[in-house]
A.B. asks: 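Following this message is one structure expressed as structure tokens.
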Amino acid sequence: MPEKPYDHHQIELKWFERWRGADLYRAEENSAKPKFYVLEMLPYPSGTLHIGHIRNYSIGDALARYKWMRGFNVLHPMGWDAFGLPAENAAIANKRPPREWTLENIAAMKKTHRRFAFSYDWDREVSTCEPEYYRWNQWFFLKMLERGLAYRKKALVNWCPKCATVLANEQVVEGCCWRHEDTPVEQRALEQWFLKITAYADQLLEDMKQLEGGWPERVLTMQRNWIGRSEGAEIDFQLQEPGAGGQGPGTPIRVFTTRVDTIYGATCVILAPEHPLVAKLLDDAGQARAKAMVDARAGRDPGDIEKDGFFSGHYAVNPYSGERVPIWIANFVLMGYGTGAIMAVPAHDERDFEFCRKYGITVRPVIRPVDGKLAQEPGMQEAFTDYGIVENSGPWSGLPSEEARRKMAAYAKEHGFGEAAITYRIKDWGISRQRYWGTPIPVIHCPKCGVVPVPEEQLPVVLPDRIEITGTGRSPLENVPEFVNVTCPKCGGAAKRETDTMDTFIDSSWYFYRYTDPHNGKMPFDPAKVAYWFEIDQYIGGVEHAILHLIYSRFFTKMMRDIGLVRNSEPAQRLFTQGMVIAEGAKMSKSKGNVVGADMLAEKFGADTARMFILFAGPPEKEIDWRTEGAEGIYRFLGRVYRFVTRNVGQVSSATGASDRKVLRKLHQALRKITEDFETRWHFNTCIASIMELINVLYAEEGNIGAAAMEEVVEKLALMLAPFAPYLSQEIWEELGKEGSVFRQCWPTYDPELAKEDLAEIVVQVNGKLRSRIYLPFGTPTQELEAGALADEKARTFLEGKHVVKVITVPDKLVNVVVR
RNA sequence: GCGGAGGUGGCGGAAUUGGCAGACGCACUAGCUUGAGGUGCUAGCGGGAGCAAUCUCGUGGGGGUUCAAGUCCCCCUCUCCGCACCA
């Protein structure tokens, strides 16, 4: 057969057309050990965009193909997008989300959502922006409402002026919106819907033990910090004198502390400027001062703010010692954590120390280091924050900190002025959004009945078609009377529909469950089907979701378990976080304008090259810097493969077969490497390198390869290339005269014997330095290795006149002669 | 400040269990092919010395363990990521 040029465009279009609608990957529930792979996509409208997507596709798709060829069940939600269509896909990928929320742009956006931005699968038809998906989001919402897991309250919330919507705490990055990294988030008090993720805080933390080993340590640490459990006690200090606003003596001021054992060292009580007592105790001037403090803090890096405070004029009583201490207001006490009030123990807390020194408040040490002396005031340079022995603390003196903490908390409970308490940093998930898109929250506000859930049979509540984008910060849905004006399902009177929509992270919290049963009209999914597939064996996604999607979906799983839908407590046993795509040292984002098109690459060199280039750029857990210079090398390589195959297949060969052994050895070595890498490390860059080495050998030995060896090499080459370059592999498969899909074939097995070298290369070292190599059969006994090395001519020049002290041998590998 | 991951040629990276540092690719150089450009093919390519064989230095810096260290231990340094007045 004459050599053919590698026309990637023609090959890829041809197979794309033939594959369209075919069923390459349908999961079959026929295996004893089902395997379930989900590839995570970045949700719209993340900054990393489509290059990140292609990376996802490339990594996950290569894995899925391999697993499939190994006979595993694979549920592959990316569907056809995963093939990286040469032109069409590139065109879709290029339609990035519009900046202006005009109707036209939204219509365009919805198109791209379906195929690309949201997890959508041609085969399984799970698209999170369809009414059918809204239905089940709303169904879950109603279930949570029933159980008190969804509630509405007025709260200070994060507000992004650019998005003109509320954001969850998880979506605030360094005080700015996760979508607009240069826009500080404002705090606004609004009526909002929340999901009670805090009810699961303990379980989310506890169940992480199951994930250890399967999830990256980094992600687990981030989640642990985010949940921020801390054990301590809540203690009531009593307000002493009658205060303004009729607060009488004895009014409790509850503080949270992790160190009750230090309470005899408490020299003042400090309230957050937003604390409710501030309004009651302070006069107008004082309240204004507190307000100014709150404003000064907004949008600033906490580390840059100097500690600042003032005396309230009031006093509180320490319930343990009976001591009267001043009440202060200070900017470093946060209303959002604990009780919004603290007892300051300057001797044993760095922040309190700094604050009290600034304002001349007493510093009184009450904890002595286990093997040291109690610090003396004056003269303390810094707070002693470790555990130690309690001193000067009445009946508690002499106890170790740990014991004192326990006993003192129990004492507080006994006497009714406090109790042991656990505080979490994580807050409930605010899900209200004032955007056009997203699932409408299915409730109705009735002037008579209050908040009334939409009856289940009326679901889904869908978005109206014609809307006007207001950008005013109120939901555009408010201006659509036919959407807003409804009758109350309870009393039949006039009522208003809720206009907030749900955070789109709701969608991604359970989409992968729907993949197991995408057409179910009665439930989100059949629990039996989910029980068959779940837990997910391997989930793949970006690190950037460590505390967004990955915590929400864990919460959803637990919630679904509690309403009897699933049996598993965790969604995925193993998590692989692939590295981000970086451009010029910065994370790609449209606001930075540094998004480079993968479409250019796909158009110029084809989808196979684009995918393989991304896989070759580095190991998948690492970030990759997006530079396309190396792409030509991959394209060249694929061309070499194709030309080699076309000019050698179907040829009447007169070759001697002198190189058969060499070629087959390289083949089986490459196969071994790829098989092992797919099973363990997923370092596809080295897999591809090994195929390149094989091709280099094939070129060098071309003409000396016998017909049988050639046949084996070329066939296996097509199979081992299939996870990386699907179109080319299929084309080669056809060139070989084989029937059907290359992906329906079994993954080729390697022969360890053929992969072995004939002779072991023994490195000969003298004093640890490489001096020579000798070649001996595998399994040569130690003495013979030694003898061989000492007899070697090159080695001997380094041994001459020296005294051999010691010889170290590693079988089949190395001899090190130590001389003096 | 706390927690995590890192630092290997001009570049991306390889070295999986302490055993040949730099696989594979890019860029670069030379040769062949060609009317020319491109493509393709062949070869070279860490620094220093040498015509060469070869020698020598070399994995951020310093020390240690070992016959042997990119890999293990200690100290330092720099970079990236996450968290951060969380009581």
Side-chain angles (χ1 to χ4, degrees), chain A residues 3 5 173-174 216-226 228-230 232 255-259 262 270 272 297 301-307 330-334 336-345 348-352 354-355 385 423-425 543-544 546-547 579-580 582 585 587 613 616-619 621-625 627-634 636-637 639-640 643 673 676-677 680-681 683 685-693 695-696 699-700 761-773 794 797 805-810 813-819:
Chain A
E3 178 182 303
V173 181
E174 287 171 14
E217 199 46 51
R218 179 166 51 147
V219 172
L220 294 178
T221 309
M222 281 165 76
Q223 291 208 0
R224 236 174 249 126
N225 290 344
W226 187 258
R229 182 191 145 104
S230 67
V255 302
F256 175 76
T257 176
T258 53
R259 294 294 302 273
T262 64
I270 310 178
R297 198 162 60 184
D301 184 351
D304 297 346
I305 301 172
E306 203 197 330
K307 286 187 178 52
N331 62 349
F332 73 97
V333 177
L334 306 174
Y337 183 77
T339 60
I342 64 160
M343 60 176 202
V345 185
H348 304 293
D349 182 283
E350 283 171 22
R351 292 153 301 172
D352 296 348
E354 186 189 336
F355 183 78
T385 58
T423 301
Y424 296 94
R425 207 184 72 104
V543 224
E544 61 274 25
I547 47 165
M580 289 188 300
I582 303 291
K587 179 176 158 185
F613 170 61
F616 189 63
E621 67 274 15
K622 233 189 122 166
E623 288 176 347
I624 58 171
D625 202 351
R627 32 179 63 248
T628 53
E629 287 93 51
E632 281 173 48
I634 299 290
R636 227 174 345 241
F637 164 72
R640 271 161 76 85
R643 289 192 307 275
K673 166 121 194 89
E676 283 169 0
D677 263 0
T680 55
R681 312 190 301 168
H683 281 195
N685 52 335
T686 57
C687 293
I688 293 167
S690 72
I691 303 178
M692 287 173 169
E693 284 182 56
I695 292 299
N696 290 345
Y699 265 71
E761 187 187 57
I762 312 293
V763 171
V764 180
Q765 296 179 339
V766 177
N767 285 345
K769 287 190 176 164
L770 171 72
R771 294 305 180 190
S772 179
R773 301 148 205 271
K794 274 194 208 158
T797 60
V805 181
K806 199 174 174 189
V807 181
I808 286 132
T809 53
V810 181
K813 266 193 175 164
L814 156 147
V815 178
N816 188 11
V817 184
V818 186
V819 296

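Within every chain, numbering begins at 1; the chains are lettered A, B, ... in the order of the sequence lines, protein sequences first and strands thereafter.
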A.B. asks: Regarding A/Val333, tell me which of base, sugar-phosphate or nothing describes its non-hydrogen contacts under 4.0 Å with the strands shown.
C.D. replies: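 If one applies the 4.0 Å heavy-atom cut-off, A/Val333 turns out to touch a base.
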A.B. asks: To the nearest Å, how far apart are A/Glu693 CD and B/rG22 C1'?
C.D. replies: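 It works out to 13 Å between those atoms.
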A.B. asks: Please state whether the phosphate of B/rA68, meaning OP1 or OP2, lies under 4.0 angstrom from any side-chain nitrogen or oxygen of A/Asn767.
C.D. replies: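 For A/Asn767, the contact criterion (side-chain N or O under 4.0 Å from OP1 or OP2 of B/rA68) is not met.
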A.B. asks: Give the rounded distance in Å between these two atoms: CD of A/Glu629 and P of B/rC26.
C.D. replies: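 To the nearest whole Å, that distance equals 12 Å.
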A.B. asks: Does A/Arg425 place a side-chain N or O at less than 4.0 Å from the phosphate oxygens OP1/OP2 of B/rA87?
C.D. replies: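 No, because none of the side-chain N or O atoms of A/Arg425 sits under 4.0 Å from OP1 or OP2 of B/rA87.
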A.B. asks: Within the structure, does a side-chain N or O atom of A/Asn696 lie under 4.0 Å from either OP1 or OP2 of B/rG25?
C.D. replies: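 A/Asn696 to B/rG25 OP1/OP2: side-chain N or O found under 4.0 Å.
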A.B. asks: Where does B/rG61 land, syn or anti, given syn is within 90° of 0?
C.D. replies: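 That one's anti.
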A.B. asks: With a distance cut-off below 6.0 Å to the six-membered ring centre and an angular limit of 45° from the axis, does A/Lys307 pair with A/Phe355 as a cation-pi contact?
C.D. replies: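 The answer is no; the distance or angle limit is not met.
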A.B. asks: Using the C1' atom as the reference point in each nucleotide, state the distance between B/rG38 and B/rC51 in Å, no decimals.
C.D. replies: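 About 36 Å, rounded to a whole number of Å.
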A.B. asks: Counting only N and O atoms by type, is there a donor-acceptor contact under 3.5 Å from the side chain of A/Asn816 to the main-chain atoms of A/Ile808?
C.D. replies: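 Not a single qualifying donor-acceptor pair exists.
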A.B. asks: Would you classify A/Val818 as touching base, sugar-phosphate or nothing, given that sugar-phosphate means primed atoms plus P, OP1 and OP2, and contacts are heavy atoms under 4.0 Å?
C.D. replies: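 The answer is sugar-phosphate, as A/Val818 gets under 4.0 Å only of primed atoms, P, OP1 or OP2.
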A.B. asks: Which part of the nucleic acid does A/Glu354 contact within heavy-atom distance under 4.0 Å: base, sugar-phosphate only, or nothing?
C.D. replies: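 No contact at all - A/Glu354 keeps every heavy atom at 4.0 Å or more from the nucleic acid.
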A.B. asks: For the residue pair A/Val817 and A/Arg771, establish whether any side-chain heavy-atom pair is separated by less than 4.5 Å.
C.D. replies: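 No. Closest side-chain heavy atoms not under 4.5 Å.
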A.B. asks: Using the P atom on both, measure B/rG4 against B/rC75 and round to a whole Å.
C.D. replies: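 That atom pair is separated by 14 Å.
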A.B. asks: What's the spacing between A/His683 NE2 and A/Glu621 CD if we round to 0.5 Å?
C.D. replies: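 That separation rounds to 4.0 Å.
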A.B. asks: Any N or O donor-acceptor pair under 3.5 Å from the base of B/rC83 to the side chain of A/Asn225?
C.D. replies: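 No pair found.
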A.B. asks: To the nearest Å, how far apart are A/Met692 CE and B/rA14 C1'?
C.D. replies: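 Nearest whole value for this atom pair: 13 Å.
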A.B. asks: Using a 4.0 Å heavy-atom cut-off across all strands, classify A/Asn816 as base, sugar-phosphate, or nothing.
C.D. replies: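 Here A/Asn816 touches the bases of the nucleic acid.
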A.B. asks: Nearest whole Å is fine: how far is B/rA14 P from A/Phe616 CZ?
C.D. replies: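 Atom-to-atom, A/Phe616 to B/rA14, this comes out as 10 Å.
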A.B. asks: Between A/Lys769 and B/rA68, is there a contact of a side-chain N or O with OP1 or OP2 at under 4.0 Å?
C.D. replies: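 It does not, given that no N or O in the side chain of A/Lys769 lies less than 4.0 Å from OP1 or OP2 of B/rA68.
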A.B. asks: For B/rG70 and B/rG82, measure between their P atoms and round to the nearest Å.
C.D. replies: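 Per the computed distance, 33 Å lies between those P atoms.
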A.B. asks: Are there more than 12 heavy atoms of other residues, nucleotides or ligands under 6.0 Å from atom CZ of A/Arg218?
C.D. replies: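 Not more than 12 within 6.0 Å, no.
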A.B. asks: Once Watson-Crick and G-U wobble pairs under 3.5 Å are found, how is RNA chain B written in dot-bracket notation, 5' to 3', with | for any base paired to another strand?
C.D. replies: (((((((..(((......[....))).(((((.......))))).((((....))))..(((((..]....))))))))))))....
A.B. asks: So what does A/Glu350 hit on the nucleic acid, given a heavy-atom distance under 4.0 Å: a base, only sugar-phosphate, or nothing?
C.D. replies: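 If one applies the 4.0 Å heavy-atom cut-off, A/Glu350 turns out to touch nothing in the nucleic acid.
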A.B. asks: Any base atoms under 4.0 Å from A/Asn331, or only sugar-phosphate, or nothing? Heavy atoms, all strands.
C.D. replies: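 The residue A/Asn331 makes base contact.
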A.B. asks: Phosphate oxygens OP1/OP2 of B/rA15: is one of them under 4.0 Å from a side-chain N or O of A/Arg681?
C.D. replies: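 The answer is yes; a side-chain N or O of A/Arg681 sits under 4.0 Å from OP1 or OP2.
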A.B. asks: Starting from the 5' end of RNA chain B, give me the residue, A/Thr221 or A/Glu676, whose nearest nucleotide shows up first.
C.D. replies: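 Taking each residue's closest nucleotide, the earlier one in sequence belongs to A/Thr221.
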A.B. asks: Tell me: CG of A/Asp677 to C1' of B/rC24, nearest whole Å?
C.D. replies: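 Result: 13 Å.
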A.B. asks: For the C1' atoms, the ones on B/rG31 and on B/rA21, what distance do you get once it is rounded to whole angstrom?
C.D. replies: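 Those two atoms are separated by 30 Å.
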A.B. asks: What nucleic acid atoms does A/Gly633 come within less than 4.0 Å of, heavy atoms only: base, sugar-phosphate, or nothing?
C.D. replies: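 Sugar-phosphate: the residue A/Gly633, judged by heavy atoms under 4.0 Å, touches backbone atoms but no base.
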A.B. asks: Check whether any side-chain heavy atom of A/Phe332 lies under 4.5 Å from a side-chain heavy atom of A/Asp352, and answer yes or no.
C.D. replies: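 Yes; the side chains approach each other to less than 4.5 Å.
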A.B. asks: Quick one: is A/Ser690 getting a side-chain N or O under 4.0 Å of the B/rC24 phosphate, OP1 or OP2?
C.D. replies: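 No, no such contact exists.
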A.B. asks: If the P atom of B/rC57 is compared with that of B/rG63, how far apart are they to the nearest Å?
C.D. replies: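 Each nucleotide's P atom is 15 Å from the other's.
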A.B. asks: For A/Phe637, answer base if it contacts any base atom (sugar-phosphate contacts may also be present), sugar-phosphate if it contacts only those atoms, and nothing otherwise; contact means non-hydrogen atoms under 4.0 Å.
C.D. replies: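 Contact class for A/Phe637: none.
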A.B. asks: Protein-nucleotides 78-80 of chain B N/O pairs closer than 3.5 Å?
C.D. replies:
none

A.B. asks: For nucleotides B/rU34 and B/rG22, find the distance between their C1' atoms and express it as a whole number of Å.
C.D. replies: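 B/rU34 and B/rG22 have their C1' atoms separated by 35 Å.
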A.B. asks: Report yes if at least one side-chain N or O of A/Arg636 is closer than 4.0 Å to OP1 or OP2 of B/rA27; otherwise report no.
C.D. replies: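 Looking at the OP1 and OP2 atoms of B/rA27, one of them is under 4.0 Å from a side-chain N or O of A/Arg636.
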A.B. asks: What nucleic acid atoms does A/Arg224 come within less than 4.0 Å of, heavy atoms only: base, sugar-phosphate, or nothing?
C.D. replies: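 If one applies the 4.0 Å heavy-atom cut-off, A/Arg224 turns out to touch nothing in the nucleic acid.
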A.B. asks: Is it true that, when you exclude A/Glu350 itself, more than 12 heavy atoms of the residues, nucleotides or ligands shown sit nearer than 6.0 Å to its CD?
C.D. replies: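 Open.
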A.B. asks: Between P on B/rG4 and CD on A/Gln223, what's the gap in Å once rounded to a whole number?
C.D. replies: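 The distance from CD of A/Gln223 to P of B/rG4 comes to 17 Å, rounded to the nearest Å.
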A.B. asks: Tell me whether the side-chain N or O atoms of A/Arg773 pair up with the base of B/rC20 as donor and acceptor below 3.5 Å, since no angle test is needed here.
C.D. replies: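 Check passes, donor-acceptor contact within cut-off.
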A.B. asks: Got A/Val818 and A/Asn767 here, is their nearest side-chain heavy-atom distance under 4.5 Å?
C.D. replies: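 Touching, per the 4.5 Å side-chain cut-off.
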A.B. asks: Would you kindly give the CD1-to-C1' distance between A/Ile808 and B/rG19, to the nearest whole Å?
C.D. replies: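 Rounding to the nearest Å, CD1 of A/Ile808 and C1' of B/rG19 are 11 Å apart.
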A.B. asks: What's the gap between B/rC81 and B/rC86 when it is taken at their P atoms, as a whole Å value?
C.D. replies: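 So the two P atoms sit 23 Å from each other.
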A.B. asks: Output the rounded distance in Å from CE (A/Met222) to C1' (B/rC2).
C.D. replies: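 Computing the A/Met222:CE to B/rC2:C1' distance gives 15 Å.
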A.B. asks: Do the side chain of A/Glu632 and the base of B/rC26 come within less than 3.5 angstrom through a donor-acceptor pair of N or O atoms?
C.D. replies: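 Absent.
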A.B. asks: Taking B/rU39 as the reference, what is the distance to B/rC45 when you measure between their C1' atoms (whole Å, please)?
C.D. replies: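 B/rC45 and B/rU39 have their C1' atoms separated by 23 Å.
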A.B. asks: So which heavy atom on A/Arg259 is nearest to which on A/Met343, and how close?
C.D. replies: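 Nearest pair, atom of A/Arg259 first, then A/Met343: O-CE, 3.6 Å.
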A.B. asks: Is any side-chain N or O of A/Lys806 under 3.5 Å from a base N or O of B/rC67, one able to act as donor and the other as acceptor?
C.D. replies: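 For A/Lys806, whose side chain was compared with the base of B/rC67, there is no donor-acceptor pair (under 3.5 Å).
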A.B. asks: Base, sugar-phosphate, or nothing: which does A/Arg771 touch, judged by heavy atoms less than 4.0 Å apart?
C.D. replies: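 Counting heavy atoms under 4.0 Å across all strands, the contact made by A/Arg771 is with sugar-phosphate only.
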A.B. asks: Under 3.5 Å, side chain of A/Arg640 to main-chain N/O of A/Met692, donor-acceptor pair present?
C.D. replies: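 Flag not set: sc A/Arg640 to bb A/Met692 has no pair under 3.5 Å.
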